[in-house]
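Every chain is numbered from 1, with letters handed out A, B, ... down the list of sequences.
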Amino acid sequence: MAFKSKLLLVAFLLSVLFLSVYAASATQDPELKQCRHQCEHQQGFDSKQREQCEQRCDKYIKQKREEEKHRRKSEGGGSFYPISEIGRAQEEEEEFQGRQQQDQNPYFFEDEHFETRVQTEEGRFQLLQKFTERSALLRAIENYRIGFLVTKPHAFVAPSHFDADTVLFVFQGRPAVTIVRGEKRETHNLERGDLFRIPAGTPVYMVNRDENEKLFIVNFMKPVSVPGEYEAFYAAGGENPESFFKAFSPQVLQAALKTEMNKLERLFGQQRQGSITRASKEQIKKLSQQHGQGGSEGFWPFHGGQSSSDAFNLFSKHPSQANKFGRLFEADFNDLKQLQELNLLVSFANITQGAMVGPFFNSRATKISFVLDGEGYFEMACPHVSSTGRQEQQPQPQQRQKSSPRYQKISGNLRPGVVFVAPAGHPMTAIASRNSNLQIICFEVNAHDNIRVPLAGKKNVVSQFDKEAKELAFNVPAREVDRIFNNQDDEFFFEGPNEQPEHGRAYA
Amino acid sequence: MAFKSKLLLVAFLLSVLFLSVYAASATQDPELKQCRHQCEHQQGFDSKQREQCEQRCDKYIKQKREEEKHRRKSEGGGSFYPISEIGRAQEEEEEFQGRQQQDQNPYFFEDEHFETRVQTEEGRFQLLQKFTERSALLRAIENYRIGFLVTKPHAFVAPSHFDADTVLFVFQGRPAVTIVRGEKRETHNLERGDLFRIPAGTPVYMVNRDENEKLFIVNFMKPVSVPGEYEAFYAAGGENPESFFKAFSPQVLQAALKTEMNKLERLFGQQRQGSITRASKEQIKKLSQQHGQGGSEGFWPFHGGQSSSDAFNLFSKHPSQANKFGRLFEADFNDLKQLQELNLLVSFANITQGAMVGPFFNSRATKISFVLDGEGYFEMACPHVSSTGRQEQQPQPQQRQKSSPRYQKISGNLRPGVVFVAPAGHPMTAIASRNSNLQIICFEVNAHDNIRVPLAGKKNVVSQFDKEAKELAFNVPAREVDRIFNNQDDEFFFEGPNEQPEHGRAYA
Amino acid sequence: MAFKSKLLLVAFLLSVLFLSVYAASATQDPELKQCRHQCEHQQGFDSKQREQCEQRCDKYIKQKREEEKHRRKSEGGGSFYPISEIGRAQEEEEEFQGRQQQDQNPYFFEDEHFETRVQTEEGRFQLLQKFTERSALLRAIENYRIGFLVTKPHAFVAPSHFDADTVLFVFQGRPAVTIVRGEKRETHNLERGDLFRIPAGTPVYMVNRDENEKLFIVNFMKPVSVPGEYEAFYAAGGENPESFFKAFSPQVLQAALKTEMNKLERLFGQQRQGSITRASKEQIKKLSQQHGQGGSEGFWPFHGGQSSSDAFNLFSKHPSQANKFGRLFEADFNDLKQLQELNLLVSFANITQGAMVGPFFNSRATKISFVLDGEGYFEMACPHVSSTGRQEQQPQPQQRQKSSPRYQKISGNLRPGVVFVAPAGHPMTAIASRNSNLQIICFEVNAHDNIRVPLAGKKNVVSQFDKEAKELAFNVPAREVDRIFNNQDDEFFFEGPNEQPEHGRAYA
């Protein structure tokens with residue numbers, strides 16, 4: 001009796017202790033402290049893992065703050081934060097919602113999934129999080145990054161080199177891009193629609209020649225140093241951006257540059273406005289004078305590159321698909337041979353308002369789409385994400401006993417700045433709203449030998465099946481299959497649905 | 001005194017509490033709940049890791065059930081389950097056995113390591129678990145999968161595409177395989193011994209033309225979407241297999257196919273028998289009519305493929321090794337150029353009853369062997385798996401102090417359906433039982449520039465050493481080395497041992 | 001009241017229990033036991049992870065012993081042990097120091113980061129730990145290993161094959177290297193400066209022909225079996241080195257070699273001196289007779305290799321950089337075409353005493369440097385390692401808000417046996433002490449299309465910028481930039497600083 005009561009007592013006390021831990025983890029510094037303490041004392045962790053564990057602690061604290069900031073903005077987007085739920089044990093409901101959304105759609109990215117790498121008065125550079133930070137289902141594109149640069153008219157972007165191969169797409173503005181290779185300097189005056197590739201480690205700077213229009217550039221990057229990580233290195237600069245020269249010891253710098261320290265301190269101390277500043281009309285005029293492009297042989301891969309082949313304008317080419325519902329412009333290995341190295345195909349889709357593209361799938365390529373203008377939504381069929389709303393990287397025996405997987409609808413609302421991913425083999429479609437054309441730039445990774453397989457309209461794959469295959473597969477007379485799959489006589493771009501679907505599955 | 005008693009009391013109560021946790025983890029749902037709760041509140045986990053943690057919880061529950069099912073079948077194979085031991089804290093002994101077997105031989109796979117992806121009245125498709133689920137020592141083949149398809153005579157396999165490049169080997173039956181690329185349909189009537197490659201994302205369906213013989217096909221797959229994961233996408237179908245069309249919103253489908261919902265619901269609702277069904281004699285006759293193969297140029301890689309080069313029969317070629325003890329048939333890049341893309345060599349070994357193959361090793365290739373017929377056993381020397389029966393991915397300083405690693409014998413009994421792996425450089429041998437020939441299909445990954453190095457028989461490598469090297473290496477007169485290594489005058493296939501060894505090391 | 005006291009009591013008791021855990025983890029076997037117990041019962045671990053967890057436990061115990069050994073040697077290097085801190089919870093200070101050093105410089109490796117794979121009277125082979133054991137920032141070179149072989153004059157290294165492609169650099173001694181491919185044996189008499197490539201799985205043995213000079217060879221390896229893991233397989237040998245033949249069952253061996261067991265036991269039992277032994281003058285003379293090299297066509301990649309192209313002497317080529325401050329010898333794909341397969345460039349830098357090399361960076365290659373002779377120090381600017389001394393694989397929002405990353409100085413003292421790594425894009429420099437020339441062998445991974453970008457001296461990249469870019473980037477008149485960057489009129493190698501810097505940042 002006394003014993004039993006004491007047992008209850010202890011049980012109660014233990015739960016008190018338990019709760020107090022979470023109480024602690026609600027306040028900030030203690031939480032971080034506890035998190036790192038746990039990393040510290042986790043048995044069987046090697047130093048690398050502990051290090052990473054601690055980084056996650058810091059990251060979580062940071063992102064929680066970020067998230068709270070977002071909440072204050074009452075965008076409600078906070079629950080999208082991949083990390084945001086940790087420690088919010090008390091908000092079970094909200095957390096569950098959060099994961100629901102996040103897990104059901106690891107293929108969809110919005111503003112809050114971008115981090116600001118550079119921000120000044122004159123412009124900013126935003127970088128999308130690593131794809132695999134979101135979900136292991138994106139391992140196929142783990143080592144690619146995507147971001148965008150926005151600047152005011154007449155902005156100058158300071159010289160730097162990146163540890164990544166980069167492909168630029170100019171959507172707005174008229175940048176003069178200068179790259180330096182060996183003893184040669186090349187300036188390329190780019191226009192809307194231009195694709196331009198900057199090899200890893202190439203010093204580059206640019207200026208927006210346009211006096212009125214802002215500059216908007218989308219960056220596709222493949223890191224060469226730490227897979228999936230991306231860093232910029234500023235040779236010039238001072239306090240802000242900091243020049244990497246400042247990391248070296250004074251003695252070393254003095255010897256290397258044969259210059260006394262006081263001169264160096266002055267040189268590396270004046271720049272304080274950041275890496276995106278404003279250039280004068282006169283400076284822009286000078287910076288836009290093209291030069292050095294003749295000698296670019298042997299600079300690009302396959303050592304015969306003409307400067308004419310350093311850039312390619314997507315809109316200069318006849319669209320590969322075009323009807324009143326939309327147009328598709330594509331650049332392949334022949335158009336810009338630098339794409340071959342990256343095994344990349346770039347395409348620009350302009351979907352007429354109220355129209356749609358697809359459904360179709362890519363046979364081998366994984367398609368990363370960045371919405372540039374307009375609104376709409378996309379849908380994709382996915383076998384990896386089950387109807388429970390949780391991913392199955394590991395197949396589930398029970399479910400597999402069935403004669404086929406079920407397919408989950410992946411969907412999301414599209415607006416400028418949204419990124420969505422369609423892995424190889426996954427059927428997808430995108431629909432433009434009735435109010436505006438939907439303009440999307442697409443980067444298709446693993447493009448070699450890729451084939452786009454249409455699922456509706458002329459050339460749809462189902463119509464290709466043998467009569468008998470149709471009957472056996474659908475278990476209806478073949479003519480019924482044909483009657484349906486031959487109705488749509490347009491190709492690739494179609495008239496869209498009358499009203500936007502409530503987001504449910506096609507069939508209850 | 002009172003204090004001490006209270007201390008003992010609390011200690012006792014704590015252990016009670018402790019045990020109760022495991023008590024809980026014996027019953028099912030509570031265990032899952034606790035497991036996921038732990039993932040939830042693990043500090044320093046980012047959402048992806050938590051997600052995966054939770055998946056492991058689910059997986060564990062599922063596999064525990066599976067395992068219990070197996071136990072009921074009293075196959076005793078349960079202890080092979082890679083995951084099966086978790087939470088069986090109480091069964092220390094059994095668990096230890098389990099790991100012993102599993103760890104000492106991560107190169108050996110049996111029935112219970114396959115999952116059933118498709119199962120109907122007419123047939124089934126089984127897929128081997130990811131190699132790295134078993135052991136990190138198989139990272140070299142992490143992104144490859146192997147499986148097999150078995151159907152009754154006259155079975156039809158519904159149209160689908162996969163997110164993986166696939167190579168089929170027909171061991172039994174006479175399949176008519178139809179693939180659709182762009183606007184072209186090709187039908188290939190395959191026979192026993194045929195290799196056939198299906199590029200990722202290619203819609204394919206097949207029928208077993210044979211009225212009496214079942215169909216048995218081995219599938220080698222290289223995923224292109226999520227590395228190491230494999231999914232099938234059914235365009236046709238209805239309830240079962242489900243068509244991926246059903247994942248799209250009704251409004252979207254109606255617009256894409258220009259058809260009212262009721263018609264679509266009918267079309268996608270009739271098929272309920274699953275993805276492997278029975279075809280009529282008439283249907284088979286039609287489905288077997290070859291067509292479209294002439295125009296296959298530009299369809300296969302290297303854009304000059306003749307349909308004649310789409311398939312290759314292993315047995316059509318002169319065996320690369322043949323004597324009364326066995327025969328080896330090999331297909332290389334020249335025989336089926338699609339193999340070059342996959343950097344793959346395929347071989348078929350038929351070891352005469354009572355005979356053996358090897359010992360030998362591959363210089364660069366990792367060899368995945370699937371036993372098709374007969375019985376026997378294999379042995380392999382492995383430096384990664386120590387005599388303690390645990391793997392050392394991390395070398396062990398102490399042990400390394402020795403002048404060389406010790407080699408562990410890896411062995412296993414071979415019977416149809418068993419898969420075993422020999423990594424590059426690992427000496428291996430396989431022995432056929434006295435009752436039946438042993439037939440094995442082998443997929444050698446990373447085959448480019450691979451060389452097979454014989455360790456016995458004519459051309460054995462030891463005989464090639466300089467006289468002085470033999471003396472210094474064996475510390476005996478060279479003639480003694482020669483006397484032994486020149487005894488065996490056969491090549492590759494040899495007369496086997498008189499009796500099967502008890503499974504111990506060669507030397508105590 | 002009574003309640004409150006009991007609460008305090010229990011709280012106290014719990015902390016006692018808590019501490020007792022760490023008390024336990026101070027003593028050895030209990031610690032291991034607990035560590036493994038924790039792995040055992042970690043929910044949501046699959047068997048592979050548990051396995052690895054347990055391996056880490058063992059590894060930790062082993063390395064702790066190692067470390068204590070080192071401590072006794074009072075080299076103080078113990079704190080460099082990547083794993084050494086675990087469980088040293090009580091020594092918070094020391095541990096913190098440990099991580100400080102380790103984290104701030106994951107690019108720097110010393111003696112204690114090598115393990116001894118082979119050690120005999122006559123010589124030893126040391127292998128550097130996996131780069132990623134040290135830091136995830138080295139993922140780009142995860143699958144490469146580096147090591148070195150040292151032997152006495154007239155030492156013989158027993159026949160073995162490795163599961164890795166290997167490139168040898170002969171720094172000292174005159175090895176006769178014999179490789180066996182198929183039925184052909186080739187002997188290559190190498191000299192100081194020779195590069196020689198041994199394909200994975202090729203049986204090889206060597207002897208140091210020199211009677212007086214020791215042999216010193218640096219090995220660069222790319223594993224083909226388990227990524228990043230490296231194993232040697234001894235065909236010949238007996239007790240020590242153990243022959244892998246001994247892993248097979250007696251019955252199997254007898255059948256394969258057609259020889260009775262007693263003979264085999266004798267053959268595989270005589271060698272006990274280890275894999276590096278002493279050869280007689282006579283044996284060396286025989287082993288040095290070159291043969292078989294004519295017929296090497298089709299043996300090397302690109303199937304046209306002449307034996308002349310199997311080895312290349314770095315010093316036979318005109319230095320690519322040379323002045324009174326140093327000389328650089330480089331071997332590229334044209335010099336030794338086997339390097340192309342490995343996408344590798346090898347260079348040898350001889351920096352005059354008191355002089356320096358760089359600063360410069362590689363556009364795509366990651367450079368692994370091994371110090372062969374002399375002393376000095378290196379410095380590198382790194383954006384990944386923040387000033388807090390902890391790595392950021394995950395970018396930090398707050399910090400990123402700034403207009404640029406800050407760069408951390410990475411530095412270390414160079415002496416023979418030290419390895420340091422410069423990832424692509426990272427500016428670096430190396431300085432020779434005033435007492436001796438600094439000799440370094442460098443392996444540049446991912447060398448295809450790599451460009452070395454000079455940051456000082458003639459051709460420095462900053463001087464290439466447009467006048468306007470200089471003004472905008474530095475915010476000073478362009479002539480001031482030029483005045484500084486044109487001071488240094490030497491190239492690549494420069495006169496070094498007068499005194500070695502205290503290890504701080506260039507600017508407070």
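In this structure the side chain of A/Phe268 never reaches within 4.5 angstrom of the side chain of C/Val476, judged on heavy atoms. Contact of the C/Ile484 side chain with the A/Lys263 side chain is registered, since non-hydrogen atoms from C-beta on lie closer than 4.5 Å. Annotation: side chain of C/Ile451 is in contact with side chain of A/Arg181 (closest heavy-atom distance under 4.5 Å). Contact check for C/Leu472 versus A/Leu287: side-chain heavy atoms found under the 4.5 Å cut-off. Annotation: side chain of A/Gln270 is not in contact with side chain of C/Phe474 (no heavy-atom distance under 4.5 Å).
Within the 4.5 angstrom heavy-atom criterion, atoms from both the backbone and the side chain of A/Pro227 approach chain C. For chain C, the nearby part of A/Ala232 is the backbone; its heavy atoms alone come within less than 4.5 Å. Proximity to chain C is limited to the backbone of A/Arg278, based on heavy atoms less than 4.5 angstrom apart. Only the backbone of A/Ser243 comes within contact range of chain C, with heavy atoms under 4.5 Å apart.
Here A/Phe245 and C/Phe485 bring their ring centres to under 6.0 angstrom of each other.
Under the ring pair (Phe, Tyr, Trp, His ring centres under 6.0 Å) criterion, C/Phe494 pairs with no residue at all, not counting sequence neighbours.
Atom OG1 in C/Thr429 sits 9.5 Å away from atom CG in A/Leu253 (nearest 0.5 Å). Taken to the nearest 0.5 Å, the CD atom of C/Glu480 stands 4.0 Å off from the CZ atom of A/Arg266.
Between C/Asp466 and A/Arg185, at least one side-chain nitrogen of the basic residue sits less than 4.0 Å from a carboxylate oxygen of the acidic one, meeting the salt-bridge criterion. Using a 4.0 Å cut-off between charged nitrogen and carboxylate oxygen, C/Arg364 and A/Asp163 do not count as a salt-bridge pair.
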Original post:
Would C/Phe361 and A/His161 count as a side chain to side chain contact (heavy atoms under 4.5 Å, CB included) if you check the C-alpha gap in whole Å, the side-chain angles of each, and the deciding distance to 0.1 Å?
Top reply: CA-CA 10 Å; C/Phe361 66 86; A/His161 68 270; 3.3 Å; yes
Original post:
Do C/Asn487 and A/Leu257 pass the side chain to side chain contact (heavy atoms under 4.5 Å, CB included) test, and can you show the C-alpha distance, the side-chain angles, and the key distance before you say yes or no?
Top reply: CA-CA 6 Å; C/Asn487 275 350; A/Leu257 299 176; over 6 Å; no
Original post:
Under the ring-ring contact (aromatic ring centres under 6.0 Å, His included) criterion, do C/His426 and A/Phe244 qualify, and how do the steps go?
Top reply: CA-CA 9 Å; C/His426 287 53; A/Phe244 54 67; 10.0 Å; no
Subject >> From CA spacing to verdict: ring-ring contact (aromatic ring centres under 6.0 Å, His included), A/Tyr205, C/Phe465 >> reply: CA-CA 9 Å; A/Tyr205 51 87; C/Phe465 297 163; 5.5 Å; yes
